Structures are given as structure tokens and as C-alpha cells.
Amino acid sequence: MFAPRIWGFDLGSAQARIARAAGWTRADILWEGLMEAGNAAWASGDQSRAATLFTRAHWVAKLRFSKTDPRRATVLVNLAMLDQANGRAGRALSRFDKARAIWRGNIQDSVENMQILPRARSSLFHLRMEARHRDTYHDNMRHRIGKIADETLAVIDALAGGQPPAHRMYARWLGERPNVYDDTRKLLGACLLIVDA
């Protein structure tokens with residue numbers, strides 16, 4: 001199967017093939033790759049590169065994701081941060097407002113309806129516990145991601161108000177990124193792929 005390179009991302013890589021086998025679309029893979037690269041560029045001080053990558057991620061989200069997808073809000077927050085850094089306060093505020101509207105209107109439904117695939121476990125004990133108590137395990141995961149989503153909204157509010165956020169986002173993504181390509185990874189990406197101010 002031919003899988004092209006798009007904007008420097010190899011959609012035929014081993015990770016991309018695993019994601020596709022799990023049901024991710026090319027847009028899902030590309031969005032995450034662009035957002036990770038944009039955050040890395042921001043962290044290294046290359047705002048120009050970050051702007052290019054976030055703009056591309058914005059177009060992927062706008063053309064391929066539903067209007068209620070929280071990943072659209074994440075891109076808007078990062079673009080608003082670039083606007084703030086470049087003295088475009090009005091444009092930044094407009095983007096923050098759009099991001100908050102998407103987040104407030106849809107995140108809880110996204111958390112409640114997310115698909116959770118089985119995880120690899122470090123011990124037979126944990127594997128059995130997950131198998132026997134799957135509903136409890138899923139409820140706990142939904143609760144945890146719902147809490148992170150609430151923290152994300154608080155970060156968006158702080159950034160929009162020009163205040164330092166109480167939580168780091170991208171740095172947290174680097175440590176919490178799931179190794180399973182399911183909706184938990186998409187939602188955590190939406191929550192945590194926000195630049196660290």
C-alpha cells in the first residue's frame with residue numbers, strides 16, 4: 001500500500017501503520033504529528049516554524065474533523081498563543097473564545113463516548129484485573145481524562161486572560177502519551193498538545 005510523505009511526515013512508518021490498523025485516519029496521524037512538531041518548535045524558540053506547523057494542523061482539523069472535535073480547539077489555542085506573541089491581541093482573543101466554545105460544548109460528550117482499547121499490562125495480576133473489571137477500569141479512565149479536560153479549560157482561560165497557567169501541557173503529553181491508538185490518545189492529544197507558555 002502506498003503511503004506518501006505529507007509535510008515531512010511518513011504516513012507509511014511503522015507507527016503510522018499501527019495507528020491505521022487501530023482505525024485512525026491519515027488526518028488523525030497527520031494532526032498529531034504536526035501538533036507535536038509545532039510544540040517542539042515553540043519549545044525551541046522557533047515561532048516561525050511553529051506557526052507553519054500549527055497552521056497546517058489547523059487546516060487538517062478544519063477539513064477532516066467534525067466542528068465539535070476538541071482537537072480543533074487545541075489548534076486554535078496554539079494559534080492564539082502565536083497571535084499574542086506577535087501583538088495581535090484581538091485576533092488571539094477571538095481564537096481563544098472559539099476554542100472555549102468548542103471545549104465547553106463538547107468535551108464531556110467526547111470523554112463519555114470515547115472508545116478505550118485494552119492496554120498492555122506489566123503483570124498478569126493487572127491484566128486479569130482489567131479483564132475482570134473492565135467497566136470499572138473504563139469508568140476510572142474516563143474520570144481521569146475528564147479531570148485533565150477540566151484542567152485544560154482552566155489553562156485556556158488563564159492563557160486568554162494573560163495569566164500564567166497552573167499546569168504544563170506539552171511537557172505532560174511527552175510523559176503521558178498513550179501507546180495505544182484509541183480515543184484516549186486523541187483526547188489526551190486534544191488536552192495536552194497545547195504549547196507551554
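None of these values were measured; they are calculated from a predicted model.
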- Query: Is a donor on one side and an acceptor on the other found under 3.5 Å between the side chain of Arg185 and the backbone of Pro178?
  - Reply: yes
- Salt bridge or not for Asp97 and Arg100, using N-O below 4.0 Å? yes
- Item | Flag, side chain of Trp103 to backbone of Ala149, donor-acceptor distance under 3.5 Å | yes
- Looking only at non-hydrogen atoms, find the nearest pair between Ile29 and Ala16 and report the distance. CD1-O, 3.6 Å
- Does atom CZ of Arg64 have more than 12 heavy-atom neighbours, drawn from other residues, nucleotides or ligands, at distances under 6.0 Å? no
- Item | Donor-acceptor pair, side chain of Thr52 and main chain of Ser48, under 3.5 angstrom | yes
- Query: For the hydrophobic clusters of this structure (ILVMFWY residues joined by side-chain heavy atoms under 4.5 Å, transitively), does one cluster hold both Phe65 and Leu30?
  - Reply: yes
- Kindly determine whether Ser44 and Asp46 satisfy side chain to side chain donor-acceptor pair (under 3.5 Å), including the steps that lead there. CA-CA 6 Å; Ser44 73; Asp46 190 349; 5.4 Å; no
- To the nearest 0.5 Å, how far apart are OG1 in Thr25 and CZ in Arg20? 7.0 Å
- Quick one: pull up CD in Glu36 and CH2 in Trp31 and give me the separation to the nearest 0.5 Å. 9.0 Å
- Note on the structure: To the nearest 0.5 Å, atom CG of Asp157 lies from atom CD of Gln163 at 11.0 Å
- Which heavy atom in Pro164 sits nearest to a heavy atom in Ala158, and how many Å separate them? O-CB, 4.1 Å
- Are the side chains of Asn113 and Asp183 in touch, meaning some heavy atoms are under 4.5 Å apart? no
- Treating Ile, Leu, Val, Met, Phe, Trp and Tyr as nodes and any side-chain heavy-atom pair under 4.5 angstrom as an edge, say whether Leu93 and Leu82 lie in one connected cluster. no
- Message: Salt bridge or not between Arg71 and Asp28? Use side-chain N to carboxylate O under 4.0 Å.
- Response: yes
- Query: Are the side chains of Ile107 and Leu153 in touch, meaning some heavy atoms are under 4.5 Å apart?
  - Reply: no
- Query: Below 4.5 Å, heavy atoms only, C-beta onward: do Tyr170 and Trp42 meet side chain to side chain?
  - Reply: no
- Message: Donor-acceptor pair, distance only, cut-off 3.5 Å: does the side chain of Arg95 make one with the backbone of Leu76?
- Response: no
- Scanning both residues in full, the closest heavy-atom pair of Ala27 with Val60 reads O-CG1, 3.6 Å
- Note on the structure: Interatomic distance, OG1@Thr55 vs NZ@Lys62, rounded to 0.5 Å, equals 11.5 Å
- Query: Which atom names give the shortest non-hydrogen contact between Gln108 and Gly146, and what distance separates them?
  - Reply: NE2-O, 4.5 Å
- Message: What I want to find out is whether Glu176 reaches Arg144 closely enough, with some N-O distance under 4.0 Å, to be called a salt bridge.
- Response: yes
- Carefully, step by step, assess Ile194 and Ile156 under the rule side chain to side chain contact (heavy atoms under 4.5 Å, CB included). CA-CA 9 Å; Ile194 293 174; Ile156 296 169; 4.3 Å; yes
- Message: Run Ile102 and Thr68 through side chain to side chain contact (heavy atoms under 4.5 Å, CB included) and show every step you take.
- Response: CA-CA 6 Å; Ile102 293 169; Thr68 60; 5.8 Å; no
- Does any N or O in the side chain of Asn86 come within less than 3.5 Å of the main-chain N or O of Arg88, such that one atom is a donor and the other an acceptor? no
- Task: Check Leu187 against Ile145 and note the closest heavy-atom contact, atom names and distance.
- Result: CB-CG2, 4.2 Å
- Query: Just how far is it from atom CG of Leu79 to atom OG1 of Thr74, taken to the nearest 0.5 Å?
  - Reply: 11.0 Å
- Message: Using every non-hydrogen atom in the two residues, find where Tyr181 and Ala19 come nearest and quote the distance to one decimal.
- Response: CD2-CB, 3.4 Å
- Message: Using side-chain heavy atoms (C-beta onward) and a distance below 4.5 Å, is Leu34 in contact with Phe54?
- Response: no
- Message: When you compare the side chain of Met35 with that of Asn78, does any pair of heavy atoms fall below 4.5 Å?
- Response: yes
- Item | Sidechain-backbone polar pair: Asp196 side chain, Arg168 backbone, donor-acceptor under 3.5 Å | no
- Short side-chain to backbone donor-acceptor contact, Arg177 and Leu188, under 3.5 Å: no
- Task: Report the distance from atom CH2 of Trp173 to atom CD of Glu32, rounding to the nearest 0.5 Å.
- Result: 4.5 Å
